[in-house]
Amino acid sequence: MANQNAKGWRRVIFAFGYSMNGLKACFAHEEAFRQEIFLLIFFIPLALWFGETPVERAILIGSLLIVPIVELLNSAIEANVDRVGLERHELSGRAKDIASAAVFSSIAFCVVNWALILIPKWV
């Protein structure tokens, strides 16, 4: 690990830098992550508009933010599996499929939250 001896604020600053590097790498190399970020830019203002209470806004925005967070984890798993080897292996495929299922579940969670909050307002 880099900067193992960093303590206090130096460690926090290094950790922040590594996190920004991860976000940049995911944005540069993962089309799905870019799409989710662009959708966030569109949907966050809608969440602020449609949410009538602070709790509704928090639920709408929070469920949106979970999707790219899970996509980051999915991308990390896929990169790790691909680093080990590109040949087909049952466990590698299973790991990627499970990570993909986590992304799908986060999207479903988001859709359900939006539906539960918005549909009663329109019916």
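Linking Ile, Leu, Val, Met, Phe, Trp and Tyr whenever their side-chain heavy atoms come within less than 4.5 Å puts Leu118 and Leu48 in one cluster. No chain of hydrophobic side-chain contacts below 4.5 Å, direct or via other Ile, Leu, Val, Met, Phe, Trp or Tyr residues, connects Ile119 to Leu46. Tracing side-chain contacts under 4.5 Å through hydrophobic residues (I, L, V, M, F, W, Y), one never reaches Phe38 starting from Val103; they form parts of separate clusters. Taking hydrophobic clusters as Ile, Leu, Val, Met, Phe, Trp and Tyr residues chained together by side-chain heavy-atom distances below 4.5 Å, Leu72 shares a cluster with Leu39. Both Phe42 and Leu64 are members of a single hydrophobic cluster when ILVMFWY side chains are connected at heavy-atom separations under 4.5 Å.
In plain terms, the two heavy atoms of Val67 and Cys110 that are nearest each other are CG2-CB, 4.2 Å. Nearest heavy-atom pair across Ile77 and Ala99 is CD1-CB, 3.9 Å. Residues Asn74 and Lys96 approach most closely at OD1-O, 4.2 Å, considering heavy atoms.
Within the structure, the side-chain hydrogen bond (donor to acceptor under 3.5 Å, both in side chains) test picks out the following pairs touching residues 20-43 (sequence neighbours left out): Glu31-Arg34, Glu31-Gln35.
Residues Phe109 and Ile66 form a side-chain contact, since some pair of their non-hydrogen atoms from C-beta on lies under 4.5 Å apart. By the 4.5 Å heavy-atom criterion applied to side chains, Pro68 and Ile37 are counted as neighbours.
Evaluation of the ring-ring contact (aromatic ring centres under 6.0 Å, His included) rule for Phe43 yields Trp114 as partners, not counting sequence neighbours.
With rounding to the nearest 0.5 angstrom, the CG atom of Leu116 is 10.0 Å from the OG atom of Ser63. Atom CZ of residue Arg57 and atom CD1 of residue Ile44 lie 13.5 Å apart, to the nearest 0.5 angstrom. Rounding to the nearest 0.5 Å places CD1 of Ile13 at 8.0 Å from CH2 of Trp9. Interatomic distance, Leu40 CG to Leu65 CG, rounded to the nearest 0.5 Å: 6.0 Å. Annotation: the span from Ser100 atom OG to Glu71 atom CD amounts to 8.0 Å, rounded to 0.5 Å. Taken to the nearest 0.5 Å, the CG atom of Leu60 stands 14.5 Å off from the CH2 atom of Trp49.
Side-chain N or O atoms of Asn80 include none that pairs as donor or acceptor with a backbone N or O of Ala76 at under 3.5 Å.
When the shell of 6.0 Å around CZ of Phe27 is examined, it contains more than 12 heavy atoms from other residues, nucleotides or ligands.
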Intermediate values then yes/no, salt bridge (charged side-chain N to carboxylate O under 4.0 Å, His left out), Glu52 and Lys121: CA-CA 10 Å; Glu52 292 179 2; Lys121 294 177 186 208; 3.6 Å; yes
I'd like to know whether Val12 forms a side chain to side chain contact (heavy atoms under 4.5 Å, CB included) with Phe16, so could you lay out the CA-CA distance, the side-chain angles of the two residues, the decisive distance to 0.1 Å, and finally the verdict. CA-CA 6 Å; Val12 172; Phe16 178 78; 5.5 Å; no
